[in-house]
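Here's the structure, in structure tokens; my notes come after.
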Amino acid sequence: MRTLLGFTSVLNCIYGHAMTTFSETFANTADFKTVLTDKTGEAFVREGFDATWGKVNVSDRPDLADFQCNGALAVAKQAKANPREVATKITAHLTGDTAIKSLEIAGPGFLNFVLSDSALSDRANALSADERLGAPVVETKRKVIIDYGGPNVAKPMHVGHLRTAVIGESLKRIMRFMGDEVIGDAHFGDWGYQMGLLITAVSDEQPDLPYFDETFDGEYPVHSPVLLSDLERLYPFASNKGKENAEYRDRARKATRELQDGRKGYRALWQHFVDVSKTSLKEDYRILGVEFDLWNGESDADPFVAPMIEELKAKGLLETDQGAEIIRVAREDDKAEIPPLLVVSSEGSAMYGTTDLATIKQRREEECPDLILYAVDQRQSNHFTQVFRAAYLAGYASEGQLEHIANGTVNGTDGKPFKTREGGVLKLGDLLAQANSAASVRLHEAGLGKGLSDEDFNKTTWQIAVSAIKFAELSNHRLTNYVFDLDRFMVFEGKTGPYLMYQAVRMKSILRKAVEQGVSAGEIIVTEAAERELVLLLDGFEAALKETYLKRAPNILADHVYRLAQTFSKFYAACPVLIADTDAQKSSRLALVKLTLAQLEKGLDLMGLTAPEVM
RNA sequence: GGCUCCGUAGCUCAAUUGGAUAGAGCAUCCGCCUUCUAAGCGGACGGUUACAGGUUCGAUUCCUGUCGGAGUCGCCA
């Protein structure tokens, strides 16, 4: 379910900046990787090679170096030269830099950079002073709509809905933080045949309601005649009956049509369905920390369908085929056969793709986005190919402005699509409650949270529970068909959300104690190995965010955040802060803790998580 | 059958334009709480990256094929 809309064209959008596609580049780049890349690139240029060969990466041999450049190998291959000789010439241009403690040629021609402690100290202090904690900003701000969620009326959310909600929310936060203007749209599934099914089911169960009396001209009741539980019960019932019983199906279709044609009682009843469902959905999303800017539904797109069809006709894009109106979207070089987009079915109704296409038109006219991302299951990839091509043909967007951010499926521990042990669907709300209960038990077992009020204790367990679920989700690449194993997520040991929470809590604890003891943060002076490692990690925030942004892959951010927490934990064990030998060391390490906490909390926030004060 | 995605340690997952010794967590084993929270830290064990070829100085990564899994292929969404 995706939405639609569209009235008349808004000229300044159609002919304005939205037709421009931006290259995705970033502004402030002060991390070691970039600085070293610039320097090394310059060295390559001075040897007559392209600067791009100077790309420096974090070393994958931390025992040998902090950073490395593989460019000499590649350029030598192209120039048919000896890689070690090339590397020698490059290093000659890089001597005399005090930031570089050592630069060595290793193996077949790798350049190994080791940075000086003072360079690390300087960088750490700069990060401390940077309110963005080293995060990059996009060079050109764009307006982005992210379409994620896709919840439906009468269908409770389940684990499958977690994927798009959690990934979409994270991408929204990341892009927004990096400077884009981002609108999150829930794209509520509130229209179509399923609504007709519900109306039919309610009319059979409660035929005396005024909604079904066409002669009724009074005020319809304010309160809904159905509860959420009724909808959840009626929908599967009606859906099955519609499949088995042709007469029932026809009644539901008729109801659908009448609803869409504006039959008053049906509209009023439908509004109750929408309100009841939305209230429940919003509660689930609230717990998950997912916030939409728009709750546009498919119904909001409905008024735009008819004008759009006229427009498509006028443009000569529509073709009648087997009684339906279609747009052909196949291309010469297609490997797979891409079927045409069905705009009007042979029964005269709007289809899934119709709604989506109209939604693109609506968004263009109402929001004029530079980019629309669809965080939707990969199984709909054909659908989006069709819709996107149709949109390009219709001029509702230009090539590259529409992207399907596909995700894999969520499986159970048996490798099949997730089901409860009883074989049923586990409702998201129940799942969250289970996780919360597990967190509560764990906290009690550990004898923690005793000093907390009931309210704070409850808040803490939810933060831990949600972190377990969301981090498990986000640490997988979005295309992975991952196994959802709540028991494993709830163990709270190792690479889990609660681990991240725990490290944040330890940092906060140190900060509180520092205040008590009158220790204040000062200049960071890096000396210990654990400090070096931590600063290098902090420096990597920028690169991790860039990568996450370009690939629309929050697992890269999740990995950075985890490694940051892990590296801090190592530092925590190796480098006492408040009981360090000297005051300067205390101040330095305290500043490092503050910086680490700030970046960790920012990273958590970008994943839609918040750490408690105590756990 | 066509097309898409996937196949990495016993399990769940990573791997930055093709780079050095393929990394984490869990599980198993060994250490570490009279210093800031042990939901922690250190270490060990664990791999023919499904298989067979090809390109390359170098392949988990690119190409071809085989096997295995998932998905999808116009009037559902």
Side-chain angles (χ1 to χ4, degrees), chain A residues 1-2 33 52 55 57-61 63-64 68 70 73-74 76-77 83 106-110 112 150 152 189 192-194 298 321-326 334-347 349 351-353 355-356 377-383 385-386 406 408-409 411 413 415-417 442-443 445-446 448 464 472 475-477 479-483 485 488 491-496 498-499 501-503 505-507 509-514 517 540 543-544 546-547 551 555-556 558-559 562-563 566 569-570 572-574 576-580 589 593 614-615:
Chain A
M1 336 217 102
R2 253 102 276 304
K33 189 169 156 172
T52 55
K55 183 168 179 185
N57 286 319
V58 172
S59 174
D60 45 37
R61 289 294 303 274
D63 52 322
L64 300 179
Q68 68 182 61
N70 305 333
L73 290 164
K77 176 179 181 177
F110 298 105
N112 279 344
N152 295 303
Y193 176 59
Q194 46 194 337
E298 297 181 338
D321 189 88
Q322 299 171 37
E325 297 292 324
I326 61 168
D334 285 341
K335 282 183 185 171
E337 187 188 343
I338 306 294
L341 182 76
L342 262 166
V343 179
V344 184
S345 78
S346 52
E347 287 187 345
S349 58
M351 308 295 293
Y352 182 37
T355 309
D356 271 358
D377 196 296
Q378 65 178 338
R379 285 174 288 194
Q380 297 195 31
S381 102
N382 278 349
H383 166 73
T385 299
Q386 293 172 288
T409 53
N411 294 329
T413 46
K416 293 175 183 167
R442 186 71 181 86
L443 220 48
E445 274 175 4
L448 295 168
I464 294 170
S475 55
N476 291 313
H477 183 92
L479 281 172
T480 299
N481 297 329
Y482 83 108
V483 174
D485 183 350
R488 185 160 53 83
V491 170
F492 297 160
E493 276 164 17
K495 192 175 181 178
T496 63
Y499 175 89
M501 305 279 106
Y502 179 59
Q503 300 312 332
V505 162
R506 283 170 132 185
M507 295 177 211
S509 176
I510 289 179
L511 262 44
R512 277 194 304 269
K513 285 203 161 64
Q517 298 175 19
K546 286 179 185 170
E547 193 80 3
K551 293 186 173 173
N555 67 299
I556 294 166
D559 188 57
Y562 174 68
R563 290 199 298 139
Q566 198 179 34
S569 193
K570 211 185 273 188
Y572 182 89
V577 178
L578 300 176
I579 39 183
R589 287 179 181 171
V593 172
V614 178
M615 68 184 272

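These numbers were taken from a predicted model, which means no experiment stands behind them.
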Touch class at under 4.0 angstrom, heavy-atom based, for [X] against every strand present:
X        : result
A:Met501 : nothing
A:Ala574 : nothing
A:Asp485 : nothing

Could you state the atom-to-atom distance from [atom1] of [X] to [atom2] of [N] in whole Å?
X        : N     : atom1 : atom2 : result
A:Asn411 : B:C13 : CG    : C1'   : 14 Å
A:Gln566 : B:G23 : CD    : P     : 14 Å
A:Gln503 : B:G40 : CD    : C1'   : 7 Å
A:Glu347 : B:G74 : CD    : P     : 17 Å
A:Ile510 : B:G40 : CD1   : P     : 16 Å
A:Asn57  : B:G18 : CG    : C1'   : 12 Å
A:Tyr562 : B:G25 : OH    : P     : 5 Å
A:Gln386 : B:C73 : CD    : C1'   : 10 Å

Quick check on RNA chain B: between A:Pro498 and A:Leu342, whose nearest nucleotide comes earlier from the 5' end?
A:Pro498

Comparing A:Glu493 with A:His477, nearest RNA chain B nucleotide closer to 5' gives the residue A:His477

Nearest to the side chain of A:Val483, heavy atoms from C-beta on, is which of B:U16, B:U12, B:C75?
B:U12

State the pairing partner of [N]; accept Watson-Crick or G-U wobble contacts with both distances under 3.5 Å, and report none otherwise.
N     : answer
B:G46 : none
B:G18 : none
B:G1  : B:C73

Assess, by modelled atom type and distance only, whether the side chains of A:Arg379 and A:Thr409 contain a donor and an acceptor separated by less than 3.5 Å.
no

Check for me whether the distance between the ring centres of A:Tyr499 and A:Tyr562 falls short of 6.0 Å.
yes

Just wondering, do [Y] and [X] contact through their side chains at under 4.5 Å, heavy atoms?
X        : Y        : result
A:Ser346 : A:Gln322 : no
A:Leu448 : A:Val614 : no
A:Asp559 : A:Lys495 : yes

Phosphate oxygens OP1/OP2 of [N]: is one of them under 4.0 Å from a side-chain N or O of [X]?
X        : N     : answer
A:Tyr352 : B:A77 : no
A:Lys570 : B:G42 : yes
A:Ser569 : B:C41 : yes
A:Asn70  : B:G58 : no
A:Tyr482 : B:A14 : no
A:Lys513 : B:U37 : yes

Could you say whether the aromatic ring of A:Phe110 and the base of B:A20 stack, counting only centre distances under 5.5 Å and plane angles under 30°?
yes

Answer syn or anti for B:C30, where the cut-off is 90° from 0 on the glycosidic torsion.
anti

Spell out yes or no: do the side chain of A:Asn481 and the base of B:G71 have one donor N/O and one acceptor N/O closer than 3.5 Å?
no

